[in-house]
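Worksheet: the structure to be examined is printed underneath.
Note that the numbering runs from 1 along the sequence shown for the chain.
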Amino acid sequence: MKDRELAEYLDVNNSNLPFEYYENKYFQQGYTGNFLYKKILDSSTRSNILVNKKLGIM
C-alpha cells in the first residue's frame with residue numbers, strides 16, 4: 001500500500017484474523033475438504049466493506 005501511515009493504521013485496527021478462524025467459520029457453514037479451502041481463498045480476494053466505508057471508498 002502506497003500510504004504507509006494508513007497501512008500501519010489498518011494493520012493495527014483492522015488486522016486479519018487467524019486462518020483457523022476462517023477455517024472454522026466456513027466449516028460451520030457446511031464447507032469441507034477442498035470446498036472449504038476454496039471458499040477461504042475466494043473470500044480472501046474480496047474487499048472489506050467496513051474498511052472501504054471508513055476510508056470513503058464506497
Side chains of [X] and [Y] in contact at under 4.5 Å (non-hydrogen atoms):
X: Lys25; Y: Leu17; result: no
X: Ile40; Y: Tyr31; result: no
X: Ser43; Y: Tyr26; result: yes
X: Leu10; Y: Asn48; result: no

List in chain and number order the residues that pass side chain to side chain donor-acceptor pair (under 3.5 Å) with [X], two or more places apart in sequence or in another chain; answer none if no residue qualifies.
X: Tyr37; result: Glu23
X: Glu8; result: none
X: Asp42; result: Lys38

Worksheet entry | Between CG on residue Asp11 and CZ on residue Arg4, distance to nearest 0.5 Å |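 Rounded to the nearest 0.5 Å, the CG-CZ separation comes out at 7.5 Å.
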
Worksheet item: To the nearest 0.5 Å, how far apart are CG in Asn24 and CD in Gln29?
Response: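 Going from CG on Asn24 over to CD on Gln29, the span is 10.0 Å.
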
Tell me whether [X] shares a hydrophobic cluster with [Y], the cluster being built from Ile, Leu, Val, Met, Phe, Trp, Tyr side chains joined at under 4.5 Å.
X: Leu41; Y: Leu36; answer: no
X: Tyr21; Y: Phe19; answer: yes
X: Val12; Y: Leu6; answer: no

Fill in: Heavy-atom neighbours of Gln28 CD exceed 12 at 6.0 Å
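Count over threshold, so yes.
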
Worksheet item: Crowded around Asn13 CG? As in, over 12 foreign heavy atoms under 6.0 Å?
Response: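 Counting other residues, nucleotides and ligands, CG of Asn13 exceeds 12 neighbours.
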
